[in-house]
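Excluded from the calculations below are hydrogen atoms, water molecules and symmetry mates; all remaining heavy atoms, backbone and side chain alike, are included. Chain letters run A, B, ... following the sequence lines, proteins first and then strands; every chain starts at 1.
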Protein chains: 2
Amino acid sequence: MSQDGVDLPTSVGYLLKEASSALRTAMEAVLRPLGMTVTHYSCLELLAQRPGLSSSALARGAFVTRQSMHVLLQTLEQDGSVTRPATAPTGKVLPIRLTPLGEERLAAASAAVRAVERRMLGELDEAEVAEARRLLRSLVHALRSESAPDPDQRDDEGTPANVAG
Amino acid sequence: MSQDGVDLPTSVGYLLKEASSALRTAMEAVLRPLGMTVTHYSCLELLAQRPGLSSSALARGAFVTRQSMHVLLQTLEQDGSVTRPATAPTGKVLPIRLTPLGEERLAAASAAVRAVERRMLGELDEAEVAEARRLLRSLVHALRSESAPDPDQRDDEGTPANVAG
DNA sequence: TGACTCATGTCAGTATTCTGACATAGTCTT
DNA sequence: AAGACTATGTCAGAATACTGACATGAGTCA
């Protein structure tokens with residue numbers, strides 16, 4: 001059974017999902033007291049690094065559909081964490097920005113998440129961390145290389161970004 | 001901004017999520033033609049390797065809540081892929097098993113998923129794959145070590161397993 | 001210029017998963 | 001043996017994300 005099927009304990013795919021799941025769980029645990037979900041945090045962090053990003057761009061960066069990001073942004077806007085111009089400066093793109101309140105909330109969340117990442121990497125030295133980055137990038141690159149649908153065309157075509165494995 | 005916040009492109013956490021997301025997308029792409037979702041597949045694969053698993057054990061293995069697994073199993077049972085005894089042989093645990101039809105479906109799905117995993121690892125040699133396993137296990141271990149809630153007590157306590165990061 | 005293709009924003013409906021809660025069956029402790 | 005603790009199965013409601021669809025700008029190319 002282990003030879004014919006995918007041997008889960010040694011499958012890199014399974015380990016990837018396991019690690020990703022553990023990370024999300026840990027992040028949820030530290031973000032919950034701050035009244036923030038992982039997706040909220042991801043969105044704010046992306047905006048901090050690249051102010052003026054569009055809703056669709058945010059969706060790609062957070063690995064959700066642009067429809068999901070759309071409703072999330074409505075929440076964050078009501079929340080007062082982000083602002084969006086009523087009319088598009090050019091084209092249809094509505095550049096989104098953090099408000100001071102959003103930056104404030106992000107600061108606390110970002111610190112908590114950094115602590116989680118530090119704990120995650122606690123058993124590794126610098127060289128191993130670098131190697132982990134390199135290997136993960138290789139996996140992503142290989143998965144997207146051939147016969148892998150373009151992640152940008154997630155819409156009206158059928159290749160969502162859920163996360164799992 | 002990059003020093004203060006979490007620098008996404010170099011964050012191992014972000015790369016982990018990126019890789020996991022890419023893997024799930026790729027798996028969905030190959031499983032869709034087989035009429036199967038990633039969670040369905042995970043469940044069947046677990047059952048193939050450990051027949052007689054309980055619903056809760058399956059949930060842990062697939063990184064979802066036991067409630068989600070419960071509804072999933074109802075689908076798979078109607079589907080004719082798995083069977084569950086009406087009464088518990090001992091205690092409350094209802095051991096679940098694959099039907100011949102389930103095994104058949106799993107065979108096709110498992111082959112497709114193995115191909116995806118092969119593609120994912122295509123750029124790496126054997127030593128690098130082993131290193132990837134080791135590093136991923138280290139991340140999981142470190143995340144669960146301290147101040148990380150027991151994943152078994154996901155219920156009535158507040159630490160779900162969603163996947164993201 | 002006009003047709004084509006692509007990306008974005010948005011609305012509506014569906015599906016999946018989660019949170020909360022409760023009863024019950026083993027297990028461990030005293 | 002009784003009580004406490006843990007784990008399981010299950011039901012119901014809520015939150016979240018996704019699929020499908022449509023209109024609108026922008027860029028490309030003949």
Side-chain angles (χ1 to χ4, degrees), chain A residues 21 24-25 28-29 32 35-43 52-77 84-96 149-164, chain B residues 21 24-25 28-29 32 35-43 52-77 84-96 149-164:
Chain A
S21 175
R24 186 183 183 94
T25 298
E28 283 174 343
R32 188 184 311 265
M36 205 179 288
T37 69
V38 174
T39 314
H40 285 208
Y41 160 73
S42 301
C43 181
L53 232 43
S54 72
S55 176
S56 293
L58 281 172
R60 281 190 297 272
F63 308 106
V64 297
T65 60
R66 69 173 187 272
Q67 292 89 335
S68 296
M69 184 54 71
H70 184 64
V71 314
L72 172 60
L73 283 172
Q74 289 176 334
T75 302
L76 288 175
E77 212 170 357
R84 220 170 8 165
T87 89
T90 166
K92 294 188 69 176
V93 174
L94 300 175
I96 304 163
D150 188 332
D152 284 355
Q153 303 182 352
R154 196 178 293 123
D155 195 68
D156 305 322
E157 200 254 345
T159 307
N162 231 343
V163 177
Chain B
S21 176
R24 186 183 182 93
T25 298
E28 283 174 343
R32 189 184 310 265
M36 205 178 289
T37 70
V38 174
T39 315
H40 285 209
Y41 160 72
S42 301
C43 181
L53 232 43
S54 72
S55 176
S56 291
L58 280 172
R60 281 190 297 272
F63 308 106
V64 296
T65 60
R66 67 173 190 273
Q67 292 90 333
S68 296
M69 184 54 71
H70 184 64
V71 313
L72 172 60
L73 283 172
Q74 290 176 335
T75 303
L76 288 175
E77 211 170 356
R84 219 170 11 165
T87 90
T90 168
K92 295 187 70 177
V93 175
L94 299 175
I96 304 163
D150 189 332
D152 285 357
Q153 303 182 352
R154 196 177 295 122
D155 194 68
D156 304 321
E157 200 254 348
T159 309
N162 230 343
V163 178

Atom pair distance, as rounded to whole Å: CG in A/L58 and P in D/dA17: 14 Å
Spacing of A/E28 atom CD relative to C/dC18 atom C1', expressed in whole Å: 10 Å
NA contact type, A/T90, heavy-atom cut-off 4.0 Å: base, sugar-phosphate, or nothing? sugar-phosphate
Taking N and O atoms by type only, does the side chain of A/Q67 place a donor or acceptor under 3.5 Å from a partner on the base of C/dG9? no
Whether A/S55 contacts C/dT10 is assessed here as follows: a side-chain N or O lying under 4.0 Å from the phosphate OP1 or OP2. Is that the case? no
First of A/K92 and B/Q74 reached from the 5' end of DNA chain D, by closest nucleotide: B/Q74
Indicate whether OP1 or OP2 belonging to D/dT16 is found under 4.0 Å from a side-chain N or O atom of A/T37. no
At under 4.0 Å between heavy atoms, what does B/L94 touch on the DNA or RNA strands: base, sugar-phosphate, or nothing? sugar-phosphate
Which distance, rounded to the nearest 0.5 Å, do you find between the OG of A/S56 and the NZ of A/K92? 9.5 Å
Interatomic distance where CG belongs to B/L73 and C1' belongs to D/dT10 [whole Å]: 12 Å
Interatomic distance, B/F63 CZ vs C/dT16 C1' [rounded to whole Å]: 18 Å
Answer whether the closest heavy-atom distance between the side chains of A/H70 and A/Q74 falls below 4.5 Å. yes
Correct closest heavy-atom pair for A/C43 and A/L73 would be SG-CD2, 3.9 Å
Does D/dG9 have OP1 or OP2 under 4.0 Å away from a side-chain N or O of B/S56? yes
Using a cut-off of 4.0 Å on non-hydrogen atoms, how would the nucleic acid contact of B/S54 be classed: base, sugar-phosphate, or nothing? sugar-phosphate
Using every non-hydrogen atom in the two residues, find where B/P95 and B/P85 come nearest and quote the distance to one decimal. O-CD, 3.0 Å
Quick one: side chain to side chain donor-acceptor pair (under 3.5 Å) partners of B/S68, sequence neighbours excluded? B/T65
Atom CZ of B/R32 and atom P of C/dA15 are separated, to the nearest Å, by 14 Å
B/I96 CD1 to B/M69 CE distance, which is reported to the nearest 0.5 Å: 8.0 Å
Answer whether the closest heavy-atom distance between the side chains of A/L94 and A/S55 falls below 4.5 Å. no
OP1 or OP2 of D/dT8 less than 4.0 angstrom from a side-chain nitrogen or oxygen of B/R60, does that happen here? yes
End axis versus end axis in the helix from C/dT1-D/dA30 to C/dT30-D/dA1, the angle rounded to 10°, five pairs used at each terminus: 40°
What is the distance, to the nearest angstrom, from the NE2 atom on B/H40 to the C1' atom on C/dA15? 11 Å
Is there a side-chain polar atom (N or O) of B/R66 under 4.0 Å from OP1 or OP2 of C/dA21? no
Residues that A/H40 engages under side-chain contact (heavy atoms from CB on, under 4.5 Å), provided they are two or more places apart: A/M36, A/T37, A/L72, A/T75, A/L76
For B/H70 and D/dG9, is the shortest distance between a side-chain N/O and OP1 or OP2 below 4.0 Å? no
Given D/dT10, D/dA17, D/dT19, the nucleotide with the shortest approach to the side chain of A/S68: D/dA17
Report the distance from atom CE of B/M69 to atom C1' of C/dT17, rounded to the nearest whole Å. 12 Å
